[in-house]
Colleague: 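Below is one structure. I have some questions about it.
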Amino acid sequence: MKIVIVGCGKVGTTLAVKLQEEGHEITVIDHKEKVIEQISNTVDVIGYVGNGAVYSVLEEAGARNADLLLAVTDTDEINLLTCLVANTLGVKRTIARVRNPEYAENAALFHDSFGVAMTINPERQLAGEIARILRFPSATRVELFARGRAELVSCHLPAGNPAVGLKLFELPQKLGLKVLVCAVQRGEEVIIPTGNFALAAEDELYMTGAPREVEKAFRKLGMLANPIKNVLITGGGKVTYYLAQALADRFRVKIIERDRKRAEELAEALPNAVVLLGDAADHELLTEEGLKDADAFVAMTGIDEGNILSAMYAKQLNVGKVICKVNTDHLKTLTRSAGIDSIVSSKTVTANTIVRVVRAYAAGEGEGNVRALYRIADDRAEMLEFAATADMTRLIGIPLKDLKLKRNILIACIVRKSRAIIPGGADVIEPNDRVLVVTSGQRLTELVGILEG
């Protein structure tokens, strides 16, 4: 596909890299010449300097022949105007990044009046991801599939855990687990395991199953943490706003924001949260405001290094759950080495969403195409959700043990109506099933793509 990306900040640059890796022809537009020079030197893209909301700039960049335009500048209004101009130019589809909470109700208007096929709100999506982790504090990551009927949960396997040394086929027999370990990250290696794979201490496990069974598995592994009640958040940006909204019904939330005007805005908008004026870099302030007694700490300022330092301080105080926002890739390794395993990034959330949409567009938006996509294990593996249809004769009704799958592909879960099935060799895929697939090294766009040939 020919894709035009307008705006080359962190999100735009990440998208350019990911979509170029997917094999698409990428053109990028940004008003800063230095930014275009940098991305053109590191990624195989065509760069144009200019305002992407201007008709002549889009036309010169070849947008008229584009299959998709992504407007991801820092300004919502510019993104919407860019999509409107692109629509008049004849671009087939446009996607806009729209982050202002006040615009949330206007999605239908944007589609009808601006020709926007889809709006993306990275901050709201990231807030949802953090809220899921806080509701399941034993996990480092929680993703929902098939409308919440199945979960993908990651966790760190500590030394001395009863699962250490067991082969995966032994987990149901010896520990009574009714989940599937679908991927394992061991050091720098990512493994799509077979039943004979033996677990080791310090492995990062990715498990799928029904939410109730996942919770039971954590309990049987002795890894079910105490429920969270008190959450301390540093930074008062849009993610914090959405997160505090999501947590208001179940948690006591305290926010520390250093800008007085923003703190006053949050205090007015979030009556159920306590908003304090202060600098998150002041560790004495964090202590005074109850960091040691918090059940969870979420570092959400706009400065990655500051987030890492305050998260490390929270770990030193033995805060039960620490979540850290890090948008700079090379800092994520440093963060993990400090013992902080719940690392989140708004640009990663956006990239996952758009890659999934682009794959569906590229495959023709058929019923069996990818419905959800999450990158796991430092982006070296993927979990995808597909819908099975009756015309998939090479898949439907055939025992899984008789299917010839490509390498590094695992059918992790089958969701049939409201039931999540951990598949065995005798199970079959039926029409209307939702099928969860884990893969490493394959870029799947449709369910039948898991088969050899």
Colleague: Kindly state each residue pair satisfying ring-ring contact (aromatic ring centres under 6.0 Å, His included) with at least one member in residues 11-30, sequence neighbours excluded.
Modeller: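 For residues 11-30, and leaving out neighbouring residues, there are no ring-ring contact (aromatic ring centres under 6.0 Å, His included) pairs at all.
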Colleague: Asp282: which residues meet the salt bridge (Lys or Arg N to Asp or Glu O under 4.0 Å) condition with it, sequence neighbours left out?
Modeller: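 In terms of salt bridge (Lys or Arg N to Asp or Glu O under 4.0 Å), with neighbours along the sequence ignored, Asp282 is linked to no residue.
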Colleague: For Tyr313, enumerate each residue passing the side-chain hydrogen bond (donor to acceptor under 3.5 Å, both in side chains) test, keeping only those at least two apart in sequence or located in another chain.
Modeller: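 For Tyr313, the residues satisfying side-chain hydrogen bond (donor to acceptor under 3.5 Å, both in side chains) (neighbours in sequence not counted) are Thr287.
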Colleague: Are the side chains of Thr208 and Leu180 in touch, meaning some heavy atoms are under 4.5 Å apart?
Modeller: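 SC-SC contact between Thr208 and Leu180 confirmed.
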Colleague: Looking at every non-hydrogen atom in both residues, tell me the closest pair between Phe297 and Ala314 and how far apart they are.
Modeller: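 Looking at all heavy atoms of both residues, the shortest contact is CD2-CB, 3.6 Å.
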Colleague: Between Val184 and Leu205, is there a side-chain heavy-atom distance shorter than 4.5 Å?
Modeller: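 Yes. Closest side-chain heavy atoms under 4.5 Å.
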Colleague: Quick one: closest heavy-atom pair of Ala201 and Ala159, and the distance?
Modeller: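 In terms of heavy atoms, the two residues are closest at CB-CA, 3.7 Å.
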Colleague: Could you tell me whether the side chain of Asp203 and the main chain of Leu157 form a donor-acceptor pair under 3.5 Å?
Modeller: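 Checked: no pair found.
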Colleague: Taking C-beta and beyond as the side chain, do Thr82 and Thr94 meet within less than 4.5 Å on heavy atoms?
Modeller: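 Side-chain contact under 4.5 Å: no.
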Colleague: Can you see which heavy atom on Arg97 is nearest to which on Asn79, and at what distance?
Modeller: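 Between these two residues, the closest heavy atoms are O-ND2, 2.7 Å.
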Colleague: For the CG atom of Leu276 and the CG atom of Leu266, what is their distance to the nearest 0.5 Å?
Modeller: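 Rounded to the nearest 0.5 Å, the CG-CG separation comes to 11.5 Å.
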Colleague: With the side chain counted from C-beta on, respond yes when Thr194 and Leu168 share a heavy-atom pair under 4.5 Å apart, and no when they do not.
Modeller: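 They are not in contact (no side-chain heavy atoms under 4.5 Å apart), so the answer is no.
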Colleague: Go through the structure and list residues passing salt bridge (Lys or Arg N to Asp or Glu O under 4.0 Å) with Lys347, not counting sequence neighbours.
Modeller: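 So Lys347 forms a salt bridge (Lys or Arg N to Asp or Glu O under 4.0 Å) with Asp329.
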Colleague: Which atom pairs, one a donor and one an acceptor, fall under 3.5 Å between side chains of residues 142-155 and the rest of the protein, sequence neighbours left out?
Modeller:
residue	atom	partner	partner atom	Å
Glu143	OE1	Arg132	NH2	2.9
Glu143	OE2	Arg141	NE	2.9
Glu143	OE2	Arg141	NH2	3.2
Arg149	NE	Lys417	O	3.3
Ser154	OG	Thr140	OG1	2.5
Ser154	OG	Arg141	N	3.1

Colleague: Considering residues at least two apart in sequence or located in another chain, which fulfil the salt bridge (Lys or Arg N to Asp or Glu O under 4.0 Å) criterion with Glu385?
Modeller: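 Residues passing salt bridge (Lys or Arg N to Asp or Glu O under 4.0 Å) with Glu385: Arg434.
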Colleague: Is there a donor-acceptor contact under 3.5 Å from the side chain of Asn161 to the main chain of Leu221?
Modeller: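 Pair found, side chain donor or acceptor close to backbone of Leu221.
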Colleague: Could you list the donor-acceptor pairs under 3.5 angstrom formed between side-chain atoms of residues 2-13 and any protein atom two or more places apart in sequence or on another chain?
Modeller:
residue	atom	partner	partner atom	Å
Thr13	OG1	Cys8	O	3.2
Thr13	OG1	Gly9	O	2.8

Colleague: For a side chain to side chain contact (heavy atoms under 4.5 Å, CB included) check, start with the C-alpha distance between Leu444 and Phe386, then their side-chain angles and the critical distance, and finish with the verdict.
Modeller: CA-CA 10 Å; Leu444 300 176; Phe386 298 95; 3.9 Å; yes
Colleague: Is there a donor-acceptor pair under 3.5 Å between the side chain of Asp378 and the backbone N or O of Arg380?
Modeller: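 No; judged by distance alone, with no hydrogens or angles, the pair does not exist.
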Colleague: Are Lys216 and Glu213 side-chain neighbours, meaning at least one heavy-atom pair lies under 4.5 Å?
Modeller: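 Heavy-atom side-chain distance check passes, below 4.5 Å.
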Colleague: Looking at Ser440 and Asn408, would you say the former's side chain and the latter's main chain have a donor-acceptor pair under 3.5 Å?
Modeller: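 Checking the backbone N and O of Asn408 against the side chain of Ser440, no donor-acceptor pair under 3.5 Å is found.
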Colleague: Report the residue from Leu80, Thr75, Leu81 that forms a side chain to side chain contact (heavy atoms under 4.5 Å, CB included) with Glu77.
Modeller: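 Only one of Leu80, Thr75, Leu81 forms a side chain to side chain contact (heavy atoms under 4.5 Å, CB included) with Glu77, namely Thr75.
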Colleague: For the pair Asp67 (side chain) and Met1 (backbone), establish whether a donor and an acceptor sit closer than 3.5 Å, ignoring hydrogens and angles.
Modeller: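 Between the backbone of Met1 and the side chain of Asp67 there is no qualifying donor-acceptor contact (under 3.5 Å).
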Colleague: Evaluate whether atom CZ of Arg356 has more than 12 neighbouring non-hydrogen atoms of other residues, nucleotides or ligands under 6.0 angstrom away.
Modeller: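 Yes, enclosed.
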Colleague: Might you point out which heavy atoms bring Cys83 and Leu69 nearest each other, and give the distance in Å?
Modeller: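 Answer, listing the atom of Cys83 first, then Leu69: SG-CD2, 4.5 Å.
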Colleague: Decide yes or no on side chain to side chain contact (heavy atoms under 4.5 Å, CB included) for Lys178 and Ile422, but give the supporting numbers first.
Modeller: CA-CA 7 Å; Lys178 296 181 180 179; Ile422 299 303; 5.5 Å; no
Colleague: If I take atom CD1 from residue Ile130 and atom CG from residue Leu243, how far apart are they, to the nearest 0.5 angstrom?
Modeller: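 The CG atom of Leu243 is 5.5 Å from CD1 of Ile130, to the nearest 0.5 Å.
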Colleague: Donor-acceptor pair, Asp279 side chain versus Ala281 backbone, under 3.5 Å?
Modeller: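 Yes, the answer is positive, given that a donor and an acceptor are paired below the 3.5 Å cut-off.
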Colleague: Which value, rounded to the nearest 0.5 Å, describes the distance between Thr73 atom OG1 and Ile78 atom CD1?
Modeller: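 These two atoms lie 6.0 Å from each other.
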Colleague: Can you confirm whether Val437 sits close enough to Leu447 that some side-chain heavy atom of one is under 4.5 Å from a side-chain heavy atom of the other?
Modeller: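 Yes, side chains in contact.
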Colleague: Which residue pairs satisfy the side chain to side chain donor-acceptor pair (under 3.5 Å) criterion with at least one member in residues 245-272, sequence neighbours excluded?
Modeller: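 Every side chain to side chain donor-acceptor pair (under 3.5 Å) pair that includes a residue of residues 245-272, provided the two are not neighbours, is Asn230-Arg252, Tyr241-Gln245, Arg262-Glu265.
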Colleague: Please list all pairs meeting side chain to side chain donor-acceptor pair (under 3.5 Å) that have one or both residues in residues 52-62, counting only residues at least two apart or in different chains.
Modeller: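 Every side chain to side chain donor-acceptor pair (under 3.5 Å) pair that includes a residue of residues 52-62, provided the two are not neighbours, is Tyr55-Arg64, Glu59-Arg64.
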Colleague: Looking at Glu22 and Lys18, does any basic side-chain N land under 4.0 Å from a carboxylate oxygen?
Modeller: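 The answer is no: the pair does not qualify as a salt bridge.
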Colleague: Would a distance-only check, ignoring hydrogens and angles, find a side-chain to backbone donor-acceptor pair under 3.5 Å from Tyr206 to Ile376?
Modeller: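 Answer holds: no.
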Colleague: Heavy atoms, side chains only, cut-off 4.5 Å: are Tyr361 and Leu68 in contact?
Modeller: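 The answer is yes; the side chains approach within 4.5 Å.
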Colleague: List the steps, then state whether side chain to side chain contact (heavy atoms under 4.5 Å, CB included) holds for Leu270 with Ile255.
Modeller: CA-CA 10 Å; Leu270 301 168; Ile255 301 167; 3.8 Å; yes
Colleague: Between Thr234 and Ala280, what is the shortest heavy-atom contact and its length?
Modeller: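 Taking every non-hydrogen atom into account, CB-CB, 3.5 Å.
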Colleague: Given 3.5 Å as the limit, does a donor-acceptor pair link the side chain of Lys229 with the main chain of Asp295, or not?
Modeller: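 Side chain of Lys229 to backbone of Asp295: no pair is present.
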Colleague: Checking the side chain of Thr348 only, and the main-chain atoms of Val344 only, is there a donor and an acceptor separated by less than 3.5 Å?
Modeller: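 Checked: no pair found.
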Colleague: Go through the steps to decide whether Met300 and Leu126 satisfy the test side chain to side chain contact (heavy atoms under 4.5 Å, CB included), and finish with yes or no.
Modeller: CA-CA 11 Å; Met300 296 299 297; Leu126 183 58; 4.2 Å; yes
Colleague: Sorted by first residue and then second, give each side chain to side chain donor-acceptor pair (under 3.5 Å) pair with at least one member in residues 25-35; sequence neighbours left out.
Modeller: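 Counting only pairs at least two positions apart or across chains, no side chain to side chain donor-acceptor pair (under 3.5 Å) contact touches residues 25-35.
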Colleague: To the nearest 0.5 Å, tell me how far Leu309 CG sits from Thr335 OG1.
Modeller: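 Rounded to the nearest 0.5 Å, the CG-OG1 separation comes to 9.5 Å.
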Colleague: Report yes if some heavy atom in the side chain of Arg93 is under 4.5 Å from a heavy atom in the side chain of Val357; otherwise report no.
Modeller: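 No. Closest side-chain heavy atoms not under 4.5 Å.
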Colleague: From Ile46 CD1 over to Ile29 CD1, what is the distance, rounded to the nearest 0.5 angstrom?
Modeller: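 Interatomic distance, Ile46 CD1 to Ile29 CD1, rounded to 0.5 Å: 11.0 Å.
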Colleague: For residues 313-322, which residue pairs qualify under salt bridge (Lys or Arg N to Asp or Glu O under 4.0 Å), counting only residues two or more places apart or in two chains?
Modeller: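 Qualifying pairs: none.
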Colleague: Rounded to the nearest 0.5 Å, what's the gap from CZ on Phe218 to CZ on Phe136? Could you check?
Modeller: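 Atom-to-atom, Phe218:CZ and Phe136:CZ are 4.5 Å apart.
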Colleague: State which residues pass side chain to side chain contact (heavy atoms under 4.5 Å, CB included) with Ile120; sequence neighbours excluded, sorted by chain then number.
Modeller: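 Residues passing side chain to side chain contact (heavy atoms under 4.5 Å, CB included) with Ile120: Ile95, Met118, Pro122, Gln125, Thr350, Thr353, Ile354.
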Colleague: So, the side chain of Asp76 versus the backbone of Arg99: is there a donor-acceptor pair under 3.5 Å, distance only?
Modeller: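 Yes, Asp76 side chain to Arg99 backbone: donor-acceptor pair under 3.5 Å.
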Colleague: Return the minimal non-hydrogen interatomic distance between Ala311 and Ile340, and the atom names on each side.
Modeller: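 So the minimum-distance heavy-atom pair works out to CB-CD1, 3.4 Å.
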